Amino acid sequence: MVQLIESLYGVAYFAIVLVLVAVTILTFVTGIKFIRDKKHIGFGIGCIIFSLIFTGIFISVIEFITT
């Protein structure tokens, strides 16, 4: 039973990582689209900055967990 729960935990952790990476990439792409359209340039820059900061936080959390 313990092995089942551990394997489910691993699958859930992997799924969460994939969702967070997808959301970060989509936020970055949305920011680029806003900047290209010349409509909401400030919002586009904010999206790009947010995705870069979140990527840094995400990488540091992954390094902390794996050590």
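Keep in mind it's a predicted model, so treat the numbers as computed, not measured.
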Nearest heavy-atom approach of G44 to F34 is CA-CB, 3.8 Å
Answer yes if F43 and I49 sit in the same cluster of Ile, Leu, Val, Met, Phe, Trp and Tyr residues linked by side chain heavy atoms under 4.5 Å apart, and no otherwise. no
* Asked: Would I45 end up clustered with F54 when hydrophobic side chains under 4.5 Å apart are linked, directly or stepwise?
  -> yes
Would you call F64 and S60 a side-chain contact if the rule is heavy atoms closer than 4.5 Å? no
Shortest non-hydrogen pair, I41 vs I35, comes out as O-CG1, 4.1 Å
d(K33 NZ, C47 SG) to nearest 0.5 Å is 12.0 Å
- Message: Starting from I53, can I reach V29 by hopping between I/L/V/M/F/W/Y residues whose side chains sit under 4.5 Å apart?
- Response: yes
Please list, one pair per line, the donor and acceptor atoms closer than 3.5 Å that link side chains of residues 3-26 to other protein atoms, with sequence neighbours excluded.
residue, atom, partner, partner atom, Å
S7, OG, Q3, O, 3.3
S7, OG, L4, O, 2.8
T24, OG1, L20, O, 2.8

